[in-house]
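Values in this document were obtained by computation on a predicted structure and should not be read as measured data.
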Amino acid sequence: MTSAIGLRVVVAEDEPLAADALARELRHLGCDVVAITGTGDAALDACVALRPHCCVADVIMPGRDGLALARALRLAAPSVRVLFVTAHPEFAVDAFAEEVVDFVPKPVRRARLADAIARVRRSVTTGDDEPKLLVGERGALHVLAVRDIEWVQSDGPLVWLHTAHRAWAQRDRMQQLEARLSPHGFLRVHRTALIRLAAVSSFVATGDREATLVLKSGARVRVARDRIALVREALAGLVGK
């Protein structure tokens with residue numbers, strides 16, 4: 001199998017047979033496996049020394065686990081993408097909080113791994129470390145690109161992630177989502193609403209000290225009175241870029 005980019009990959013897997021099998025599959029997909037390690041600490045050292053495109057890691061490993069490895073790589077080797085291949089689906093939400101590229105469950109299907117490697121390759125090619133959220137629905141997990149979210153609405157114990165086409169309900173805290181999304185162009189405009197500034201089509205004054213944001217999808221989001229000046233300033237700054 002040929003590819004435009006021969007990805008250089010470090011494998012972090014503490015089961016030798018599983019590590020060898022994974023390395024074979026990665027080579028079949030056009031990857032250059034530059035190191036196979038059995039611990040998170042060894043994987044970190046290999047990534048710092050070899051600067052691969054990607055570290056393909058299990059979540060549960062001796063010593064430093066996969067989540068801690070992903071956090072450490074963001075500081076020590078931020079260009080290294082992290083892809084999890086694991087039999088522990090319960091860590092999926094935590095994994096995407098660490099901004100990993102993908103989360104592939106074991107037993108590994110070749111087509112699923114190929115899709116994940118293609119996602120890594122696109123990220124390397126474009127230089128795009130696009131942030132993503134993992135959302136659940138009816139027992140299935142879906143990867144949602146942050147750039148597709150127009151606004152977030154708090155509704156009791158739920159938050160609704162609104163895209164142009166649908167909304168995803170999640171059990172999460174607005175404060176936590178605000179902290180994760182603010183670095184990616186989101187602004188809190190109301191106690192119950194967080195919007196992506198780039199999704200705003202117009203700012204409409206609807207009365208004395210009242211305002212509404214019209215989003216590109218046509219959705220309308222009310223702005224709290226004490227946030228109007230902040231929203232105006234943020235939108236003006238966006239236009240000025």
Side-chain angles (χ1 to χ4, degrees), residues 1-134 140-145:
M1 181 174 180
T2 61
S3 62
I5 295 178
L7 291 180
R8 301 176 68 251
V9 175
V10 166
V11 171
E13 166 62 66
D14 64 314
E15 294 290 340
L17 291 179
D20 289 342
L22 180 57
R24 284 196 301 273
E25 288 296 319
L26 290 168
R27 292 185 183 109
H28 178 82
L29 294 171
C31 297
D32 178 14
V33 178
V34 297
I36 300 176
T37 62
T39 68
D41 291 324
L44 178 62
D45 290 342
C47 287
V48 170
L50 301 173
R51 285 296 196 270
H53 296 105
C54 180
C55 180
V56 180
D58 199 349
V59 174
I60 302 300
M61 292 184 290
R64 190 193 304 267
D65 65 16
L67 296 173
L69 171 61
R71 286 192 291 271
L73 283 172
R74 285 210 304 272
L75 297 176
S79 66
V80 178
R81 278 70 172 171
V82 176
L83 167 63
F84 282 139
V85 176
T86 183
H88 300 278
E90 66 272 21
F91 290 104
V93 173
D94 292 334
F96 277 89
E98 300 301 336
E99 301 181 5
V100 302
V101 175
D102 208 339
F103 189 98
V104 178
K106 293 179 180 178
V108 179
R109 292 186 297 109
R110 178 173 290 177
R112 179 66 182 87
L113 183 61
D115 181 64
I117 290 299
R119 187 169 285 131
V120 174
R121 188 169 281 118
R122 285 194 298 272
S123 175
V124 171
T125 301
T126 63
D128 180 17
D129 295 314
E130 180 181 56
K132 294 170 283 292
L133 295 179
L134 195 67
L141 294 172
H142 304 270
V143 179
L144 181 62

Checklist entry - Got a donor-acceptor contact below 3.5 angstrom from the Glu13 side chain to the Glu15 backbone? => result yes
Item to check | pair Arg119-Arg81: side-chain heavy atoms closer than 4.5 Å | outcome: no
Checklist entry - Looking at Val80 and Pro52, what are the two nearest heavy atoms and their distance? => result CG2-O, 3.4 Å
Checklist entry - Of the non-hydrogen atoms in Ala87 and Pro89, which two are nearest, and what is the gap between them? => result O-CD, 3.2 Å
Item to check | Under 3.5 Å donor-acceptor, Thr39 side chain and Asp14 backbone | outcome: no
Checklist entry - Heavy atoms, side chains only, cut-off 4.5 Å: are Leu83 and Val104 in contact? => result yes
Checklist entry - In terms of side-chain heavy atoms, does Arg121 have a donor or acceptor partner in His53 at a distance below 3.5 Å? => result no
Item to check | CA sep, side-chain torsions, deciding dist, call: Leu22, Leu113, side-chain contact (heavy atoms from CB on, under 4.5 Å) | outcome: CA-CA 10 Å; Leu22 180 57; Leu113 183 61; 4.1 Å; yes
Checklist entry - How many angstroms lie between atom SG of Cys54 and atom CG of Leu26, to the nearest 0.5 angstrom? => result 8.0 Å
Item to check | Cationic N near anionic O, under 4.0 Å, Asp115 to Arg109 | outcome: no
Item to check | Closest non-hydrogen atom pair between Ala76 and Pro78, with its separation | outcome: C-CD, 3.7 Å
Checklist outcome for this item: For Pro62 and Gly38 the tightest heavy-atom approach is CD-O, 3.7 Å
Next on the checklist: Show the nearest heavy-atom pair for residues Leu69 and Gly40, with the distance to one decimal.
Outcome noted: CD1-O, 3.6 Å
Next on the checklist: Are Val85 and Lys106 packed together at the side-chain level, in the sense that at least one heavy-atom pair is separated by less than 4.5 angstrom?
Outcome noted: yes
Checklist entry - Salt bridge or not for Arg27 and Asp32, using N-O below 4.0 Å? => result no
Item to check | Check: Thr37 and Val11 side chains under 4.5 Å, non-hydrogen atoms | outcome: no
Item to check | CA sep, side-chain torsions, deciding dist, call: Asp20, Arg24, salt bridge (Lys or Arg N to Asp or Glu O under 4.0 Å) | outcome: CA-CA 6 Å; Asp20 289 342; Arg24 284 196 301 273; 5.5 Å; no
Checklist outcome for this item: The salt bridge (Lys or Arg N to Asp or Glu O under 4.0 Å) partner of Arg64 among Asp58, Asp41, Asp45 is Asp41
Item to check | Candidate pair Val120 and Leu7, rule side-chain contact (heavy atoms from CB on, under 4.5 Å), full reasoning | outcome: CA-CA 9 Å; Val120 174; Leu7 291 180; 3.8 Å; yes
Next on the checklist: With a 3.5 Å distance limit and no angle check, can you tell me whether Arg8 reaches the backbone of Val34 through a side-chain donor-acceptor pair?
Outcome noted: no
Next on the checklist: Could you walk me through whether Ile60 and Phe91 satisfy the side-chain contact (heavy atoms from CB on, under 4.5 Å) test, starting with their C-alpha distance in whole Å, then the side-chain angles of each, then the deciding distance to 0.1 Å, before giving a yes or no?
Outcome noted: CA-CA 10 Å; Ile60 302 300; Phe91 290 104; 3.6 Å; yes
Checklist entry - Run the side-chain contact (heavy atoms from CB on, under 4.5 Å) check on Phe84 and Leu67 step by step: do they pass? => result CA-CA 9 Å; Phe84 282 139; Leu67 296 173; 4.0 Å; yes
Checklist entry - For Phe103 and His88, which heavy atoms make the closest approach, and how far apart are they? => result CZ-O, 3.4 Å
Checklist entry - Hey, does the side chain of Asp65 reach the backbone of Ala68 with a donor-acceptor pair shorter than 3.5 angstrom? => result yes
